[in-house]
There are 2 protein chains.
Amino acid sequence: MATVMKGKATSFDIAYKAGVSQSTVSRALRGSSLVSDDTRHRIQTIARELNYKVDKNASNLRRQHSVTLALLLFEDPTTDDSLINPFFLSMLGSITRACVRQGYDLLVSFQQLSNDWHADYQDSHKADGLILLGYGDYLVSRSRLQKLVDQGTHFVRWGAVLEGQPDISIGCDNALGGRAITDHLLALGRRRIAFIGDSSAHFPEFSARYRGHCEALCAAGLEPDPALQVDASDSIERLGIESVQVLLSRGVPFDAIFAASDLLAIGALRALANAGLRVPEQVSVVGFDDIPTASFVNPALTTVMQDTKLAGEMLVDRVLRQIRGEPVESAMLPAQLVIRRSCGAQAAP
Amino acid sequence: MATVMKGKATSFDIAYKAGVSQSTVSRALRGSSLVSDDTRHRIQTIARELNYKVDKNASNLRRQHSVTLALLLFEDPTTDDSLINPFFLSMLGSITRACVRQGYDLLVSFQQLSNDWHADYQDSHKADGLILLGYGDYLVSRSRLQKLVDQGTHFVRWGAVLEGQPDISIGCDNALGGRAITDHLLALGRRRIAFIGDSSAHFPEFSARYRGHCEALCAAGLEPDPALQVDASDSIERLGIESVQVLLSRGVPFDAIFAASDLLAIGALRALANAGLRVPEQVSVVGFDDIPTASFVNPALTTVMQDTKLAGEMLVDRVLRQIRGEPVESAMLPAQLVIRRSCGAQAAP
DNA sequence: CAATGCGATGAATACGTATGCAGGGGCATC
DNA sequence: GATGCCCCTGCATACGTATTCATCGCATTG
């Protein structure tokens, strides 16, 4: 009968109604084989009637884990408040889905790089493990990563995969991607290819792309020209515009631009248009990431696709393995060339 | 001394080291005024040394709330796995930030509409309240919303704001937006304006935009022509393409297209280009949402901007108020016209 | 018939924190 | 010097679940 309960039903309420002990209820609902089928069915029915839900806080407290991962998205404090790097958004989507498939909940948090409480989610038992996204300046963040490792925090980072790294990282093969896309430009007859993007060790992903770029040049018997490289430390459109302006002001000739990210490339396209240069006739432009907008800019952007779906799965998988105490290693994912019109190859629809 | 502790430090460990009771530690760290400054400082220092973090599970269990919100993102099971509606992504960003500002954590979950466990997050005390995004077919989801209300679940929905709704909803003023952008097209001399988007009560947001559209027509002495309206029930590019094909196959003349979402509008642009129709010279095209890509398509898309930042803040604020037991009402947010090239008004840079 | 074993259940306890209640000590007032 | 008061602290307990250990009934076996 519709007895008015104060507050939510607990396992004791179920036990009382079923005429068994709380222990049995707990066992029955967790699927323990110690409970007879008869009792189990009775308990399940009553639980459903009472709309009973296991209290996660109590359950987590008892079991000492939360079946939850935390996604920490770091960003430059200077970034506009409402915008998020579309590439990270795509990763977020695939990570969320991977978590669902594994039965884990996902806690999402934006953090300023200046904060120091990366491990708090795990330390406070809100999450069993961490996924780190958007660690910009590697040299700055490296000491923090080391600290996390020392504390025994379970975490995986999305980013460059380097030798002697303290942490576990998953990243795409940036060097290979940079090499492939440069090869492509060379095959199209381009010889003076500018590179927009930081080449220092501070931003290993960008610099790996640059390294691949240089390898391709050398393999073709060309020498990388420092005058054709412009630093851009962050992946925002404005920096793409400014970089092209720097390039133009230097007065060095160039017939192609390889931007280290699509956002930079889009900025570059805009700056070239402003300067009256035609793409791809006078200048080829290529990017990296294949963000959704890339196929819509004019002309459509040739770029390197990172498999975000696979990446999300791997990140989640690797954290879970760490949590289970299994040995885990960093890994690199393949990068794939996506040819559109901005490079000057045959037109796509 | 570097005493090796097994496991994490607890408030008892701090208490022992500080020579006080566990109660005092708890009070000191929660900022209770019952503790002397002297004791508090001592405890804080020790807590820092031991890298102590309050166990959220225990704390939540005791206090019966989790200081966490859950964002439930519903989507059509047919949607491609890796893509998320960019408008929702933008909302996600602003909601995440709003949560941070309020000191709440955010749990993100994708759900299939077929699932029935919307309230589980609150029932299991994983979250204190829910934010619902992307409830597509309103008539289908309405009974569920009613159920949530009956259960006393704290939740806010992003979507159309209707009379006699059981739940609290926050949405932009779709009718006004539809009216404004149609007025704009009319002012440019367009008279045969096609509308792409479902006009039925199943999708109240689209139908409100359609209603505003019709109001504008009527105010201008024009009658809405059913032949100029094409149903599109979901906001994906492919449907935009198909809708224009339907429109062309009908053979009715039109000089403008108002797509109920930017994604539909982008599909429409593509279909028009394929059909050899020039935008905006022969056909004006406008959308709704102002997703990031909108400014990059060719020609740049005139659209209606929804203030996602404000929306995120309002959603979070309204859930928190419900949690605090304060009375809450639905609200509509203003919509703002963003004029770019696709409508045929003066060119932007 | 006693001994053994097994399947099913209950009692008791731990997880770590927050808080109501009680108490101890110091100081002021009369 | 006794009384009262206030400030601070400690004791004990509740939050709801999962699990170890003990128990009890029943069947099987020698």
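Values reported hereafter were calculated over all heavy atoms of this structure, with side chains retained and with hydrogens, waters and symmetry mates removed. Throughout, protein chains are lettered first and strands after them, A, B, ... in sequence-line order, and every chain is numbered starting at 1.
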### Message
On the nucleotide C:dG10, are OP1 or OP2 found under 4.0 Å from the side-chain N or O atoms that A:Thr24 carries?
### Response
yes
### Presence of donor-acceptor pair under 3.5 Å, side chain of B:Arg62 and base of D:dG16
no
#### Entry: Heavy-atom side-chain proximity of A:Leu320 to A:Tyr104 below 4.5 angstrom
yes
### Task
Take the protein atom NZ of A:Lys8 and the nucleotide atom P of D:dT17, then report the distance between them rounded to whole Å.
13 Å
### Query
Does A:Ser26 make a side-chain donor-acceptor contact with the base of D:dT17, cut-off 3.5 Å?
no
### Query
Hey, is the side chain of B:Arg30 poking within less than 4.0 Å of OP1 or OP2 on C:dA18, counting only N and O atoms?
yes
### Query
Do any side-chain nitrogens or oxygens of A:Arg63 fall under 4.0 Å of OP1 or OP2 in C:dC15?
no
### Message
Rounded to whole Å, how long is the line connecting atom CG of A:Leu29 with atom P of D:dT19?
### Response
13 Å
### Interatomic distance where CD belongs to A:Gln22 and C1' belongs to C:dG10 [whole Å]
11 Å
### Task
Give a yes/no on whether any side-chain N or O of A:Ser23 is located under 4.0 angstrom from OP1 or OP2 of C:dA12.
no
### Query
Does A:Ser59 make a side-chain N or O approach to OP1 or OP2 of D:dA18 shorter than 4.0 Å?
yes
### Task
Examine D:dT9: is either OP1 or OP2 under 4.0 Å from a nitrogen or oxygen in the side chain of B:Ser36? Give yes or no.
yes
### Message
Distance check needed: C:dG16 C1' versus A:Lys126 NZ, whole Å only.
### Response
16 Å
### Task
For A:Ile43 and C:dG10, give me the distance from atom CD1 to atom C1', rounded to whole Å.
12 Å
#### Entry: Nearest-angstrom distance from the residue atom NZ of A:Lys56 to C1' of D:dG16
14 Å
#### Entry: Short side-chain N/O contact to C:dA11 OP1/OP2 from A:Ser21, under 4.0 Å
no
### Query
Hey, are the side chains of A:Leu69 and A:Val316 touching, using non-hydrogen atoms and a 4.5 Å cut-off?
yes
### Query
Do B:Trp158 and B:Ile131 touch side chain to side chain, with heavy atoms closer than 4.5 Å?
no
### Task
Select one nucleotide: of C:dG16, C:dG10, C:dT19, the one nearest the side-chain heavy atoms of B:Leu61.
C:dG16
### Query
Taking atom types as modelled, is there a side-chain donor on A:Asp167 or A:Ser169 under 3.5 Å from an acceptor on the other?
yes
### Task
Have a look at A:Gln64 and say if it touches a base, only the backbone sugar-phosphate, or nothing, with a 4.0 Å heavy-atom cut-off.
sugar-phosphate
### Sugar-phosphate, base or nothing in reach of A:Val25, heavy atoms under 4.0 Å
nothing
### Query
CG of A:Asn57 versus C1' of D:dA18: gap in Å, rounded?
15 Å
### Contact nearer the 5' end of DNA chain D, comparing A:Val54 with B:Arg40
B:Arg40
### Task
Would you indicate what B:Ser32 reaches in the nucleic acid, counting non-hydrogen atoms under 4.0 angstrom: base, sugar-phosphate, or nothing?
nothing
### Task
Assign each of A:Phe12 and A:Leu34 to its nearest nucleotide of DNA chain C by heavy atoms, then name whichever residue's nucleotide is nearer the 5' end.
A:Leu34
### Task
Check whether any side-chain heavy atom of B:Arg157 sits under 4.5 Å from a side-chain heavy atom of B:Gln165, and report yes or no.
yes
### Query
A:Asp38 CG to C:dA8 P: how many Å, rounded?
11 Å
### Query
Between C:dT9, D:dC8, C:dA18, which nucleotide gets closest to the side-chain atoms of A:Arg27?
C:dT9
### Side-chain touch A:Gln64/A:His125, heavy atoms, less than 4.5 angstrom
yes
